[in-house]
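Notes follow once the structure below has been shown.
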Amino acid sequence: MASQLELRLPDGSIRQVAPGTTVYEVAASIGAGLAKAAVAGEIEGEVIEVSRPIEQGGAFRILTARDADALHVLRHSAAHLLAMAVLDLFPGSDLGFGPATDDGFYYDFKTPQPIVEDDLPKIEKRMKEIVKEGRAYARVAYDRAGAKVRLAEVGYDLKVPHVDEIPEDVITFYDSGAFTDMCEGPHVPDTSWIGNIKLLSVSGAYWRGDASGIPMQRVRGTAFFDKKSLKAHLERIEQAKLRDHRKIGREMDLFSLHAEGPGFPFWHPKGTVLWNELEGLLREELMARGYGEVKTPAVLSDELWRTSGHYEHFRDDMYFLDIDERSFAVKPMNCPGCCLIYGSKPHSYKELPLRMAEFGGVHRNEMSGVLHGLLRVRAFTQDDAHVYCTEDQLEAEISDMLDMTRAVYGAVGFDDVKTRLATRPENAMGDPEQWAKAEKALANALDKNGWEGLWVEAPGEGAFYGPKIEVHVTDALGRSWQCGTVQVDFSMPARFGLEYTGRDGQKHTPVMIHRAILGSMERFVGILIEHYAGKFPLWLAPVQAKVLSITEKQSEFAEQVAAQLVAAGIRAEADVRGDKVGSKIRDATLERVPYMLVVGGREAESGQVDVRTRAGDRLGTMDVAGFVAHAREEIAGRS
RNA sequence: GCUGGAGUAGCUCAGCGGUAGAGCACCUCCUUGGUAAGGAGGAGGUCGCGGGUUCAAUCCCCGCCUCCAGCUCCA
């Protein structure tokens, strides 16, 4: 008989158990309530189901519905539950993979008939029936040969080749009634745990993500331990739909998209206001930080793109055209153009760092299926900049870029900014020592700009020409978007033969840093629309104030006030329609106009306005100059 | 690009073999009303585009375009 195992519980206490004691039994020995709440156990970092016997000692804890890891287990079990229902309703289906994801789960199926959206309620109903049955998840172990036999028995042909790719020699299946699935586990004790589920979509996928491979259908859903969390999650999804920038863009008349130019957005006057305000913010920063602004052509000769390496790496995404029997390409990036500017004259080390910024419009032939409103387009404008400097200047330059990033994001209302440092990949070019220095410079700059201990490293994810920092912002719904980037480039200056004369009188090759803060103007405006749900802060609002007349007797006065505001630099309109003021307030609110200035007989008489906010707050009656002062202060503070 | 779904008035949508409907928005008139919808009337559509089937197609079939959800990719 083996000696007792020692389990170290989270509270630090030690519990002795006999080998083979199950997680459930341990939980029960601690308390009946805990046993009932136990979703799974964790021993030395490995999550196992409650029915598993414990074979080793070490750090041990019981996972309950409160643990994030437990939710993952629940969702994985929900994926199995989905497969059970689909196999019942679509006999003869083959199974792909069915993992838990960050916000739910999915399962890929190869079905005899396609699953359509109308099938989702039926599948969900069947899932709920199986939930009531309380089918156990029973772990069964096989060896490699046995696993293949078992898969063949149940007709899961797709998974057979996968058996040989599993590193472990013990291959587990989970049986739930007549259903079985080859799976590493772990699972919740039985299906009765999975009552709070919702199927969300059915869509295409490929066996192992290979577009030339077997087409499958992916059913996605989500699951929670309690009804309240599920409801909250579904409400968040609804919220996101209400904030969809494509919907708000139409409602607020900001931009449009047309079949005549798929992926090429059209900016309307009100949308262009947002764009220009963002550009203005960036220009203030550029000026303060010693950048010069440049503009480079959209169409450049083919040879340039061969020199830069884009032709080789990026050709499929580029648009080409012939002019006078010479081949040209529409620029997919701004850097080569900037390099031509640098190379247009000799440089001294005294000029470095040389900083050039460009709001550069680029075109990329993205696959038609990926286009999505402003968030994924074929023509976009990067708030680009290229800095040529020496290796010794890298850290200070990068640091300033990160400082600018913080300043800009703070001004537009993103306070939760996360960073990743992508380091040297396998196919890196250049001197490893140089890479190490650049990575160190990036890391130091992150530490100095408030990300000390907060940035994460992404090993091997750097570009082949240099390491980079990715900057992600978190929006009001908690979604993360990659926007900014800072990339060190050891390759391009040499490709273009760029040089500067050093203090030593010798020619040297500068290092180049590419950076963008918003990334793409189009995409960033899209993100901002969703972040604010169209309710922009005053400085960004396309219409900042609307003057609403109460009767037609005040039409002229209302127009006058609007004109005074416009003259004072406030974006204002007058609404002098024959409708009631309540109706005008409703419309202005739906248009998300920050300030409504109501003018009736009393105001026309005294030359004042009665100010109301979009949120419904009454600021009282004031004269026009008073409102202008109030608005100007708010605009200046970008609050 | 691939898989599935969808394209009807400016917007949201109904109609689904007998050549078009609602609400909101728009225009006109009545009303002159004080902080989220006053009333009446009017105008507005090659039913995404091109073929086919049919006595007859918005509706059925085929092709194309665009959009949507994903795959994949990315700013």
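Lettering follows sequence order; numbering is per chain, from 1. All values reported here derive from a predicted model rather than from experimental measurement.
- Rounded to whole Å, the P atom of B:U28 lies 48 Å from the corresponding atom of B:G63.
- A gap of 25 Å separates the C1' atoms of B:U19 and B:G23, to the nearest Å.
- The base of B:A75 has none of its N or O atoms less than 3.5 Å from a complementary donor or acceptor on the side chain of A:Arg523.
- Residue-level contact check: A:Gly582 touches the backbone only, with heavy atoms under 4.0 Å from sugar-phosphate atoms and none from bases.
- Separation of the A:His80 and A:His76 ring centroids falls under the 6.0 Å cut-off.
- Among the atoms of the strands shown, base atoms are found under 4.0 Å from some heavy atom of A:Val377.
- Side chains of A:Gln554 and A:Thr551: a donor on one and an acceptor on the other come within 3.5 Å.
- Ring-to-base geometry does not place A:Phe524 in a stacked arrangement with B:A75 (centre distance under 5.5 Å, plane angle under 30° required).
- Neither OP1 nor OP2 of B:A69 sits under 4.0 Å from any side-chain N or O of A:Arg218.
- Applying the Watson-Crick and G-U wobble criteria (two distances, each under 3.5 Å), B:A69 pairs with B:U3.
- In the model, A:Lys418 has no side-chain atom that pairs as donor or acceptor with a side-chain atom of A:Ser480 under 3.5 Å.
- The side chain of A:Ser201 places no N or O atom within less than 4.0 Å of a non-bridging phosphate oxygen (OP1 or OP2) of B:G70.
- Comparing the same atom, P, in B:G5 and in B:A75 gives a spacing of 32 Å after rounding to whole Å.
- When heavy atoms are screened at a 4.0 angstrom cut-off, A:Leu371 is found touching the sugar-phosphate backbone but no base atom.
- The side-chain tip of A:Arg75 does not point at the ring of A:Phe105 from less than 6.0 angstrom away and within 45° of straight on.
- Distances from the side chain of A:Ile550 to the nucleotides B:G33, B:A37, B:C11 place B:G33 closest.
- In this model, the phosphate group of B:G38 is approached by a side-chain N or O of A:Ser583 to a distance below 4.0 Å at OP1 or OP2.
- In this structure, of B:U32, B:U12, B:C67, it is B:U12 that holds the atom nearest to the side chain of A:Arg250.
- Between A:His514 and A:Thr485, the side chains place no donor N or O within less than 3.5 Å of an acceptor N or O (distance only, hydrogens not considered).
- Comparing the C1' positions of B:C60 and B:A22 gives an interatomic distance of 27 Å, to the nearest angstrom.
- Checking the phosphate oxygens (OP1, OP2) of B:C67, no side-chain nitrogen or oxygen of A:His258 falls inside 4.0 Å.
- Here A:Gly578 lies in heavy-atom contact (under 4.0 Å) with a base.
- For B:A14 and B:A6, the P atoms lie 12 Å apart once the distance is rounded to whole Å.
- A:Gly601 comes within 4.0 angstrom of a nucleotide base, judged by non-hydrogen atoms across all strands.
- A distance of about 38 Å separates the C1' atoms of B:A40 and B:A57, rounded to the whole Å.
- Side-chain N or O atoms of A:Asn449 include none that pairs as donor or acceptor with a backbone N or O of A:Trp451 at under 3.5 Å.
- Out of B:C67, B:C74, B:G34, the shortest distance to the side chain of A:Val598 is found at B:G34.
- Counting only heavy atoms from C-beta on, A:Val370 has its side chain closest to B:G1 among B:C67, B:A75, B:G1.
- Rounded to the nearest Å, the gap between the C1' atom of B:G51 and that of B:U46 is 16 Å.
- Listed pair A:Arg376 / B:C68 fails the phosphate criterion, with no side-chain N or O lying under 4.0 Å from OP1 or OP2.
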May I have the step-by-step check of salt bridge (charged side-chain N to carboxylate O under 4.0 Å, His left out) for A:Asp403 and A:Arg289, ending in yes or no?
CA-CA 10 Å; A:Asp403 185 63; A:Arg289 292 166 194 273; 3.0 Å; yes
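- Across all strands shown, A:Glu251 has no heavy atoms under 4.0 Å from either base or sugar-phosphate atoms.
- Comparing B:A36, B:A69, B:U32 against the side chain of A:Glu552 picks out B:U32 as the nearest.
- For B:C26, the OP1/OP2 oxygens have a side-chain nitrogen or oxygen of A:Arg577 closer than 4.0 Å.
- Residue A:Arg220 is in sugar-phosphate contact alone, with no base atom involved, counting any heavy-atom pair closer than 4.0 Å across all strands shown.
- Picking from B:U32, B:G38, B:G34 the nucleotide with the shortest atom distance to the side chain of A:Lys580 gives B:G38.
- Nucleic acid contact class of A:Arg378 (heavy atoms, under 4.0 Å, all strands): none.
- A:Val202 comes within 4.0 angstrom of nothing in the nucleic acid, heavy atoms only.
- One C1' atom belongs to B:G50, the other to B:G10, and the distance between them is 26 Å to the nearest Å.
- Contact annotation: A:Arg612 does not reach the phosphate of B:G34 (side-chain N/O to OP1 or OP2, under 4.0 Å).
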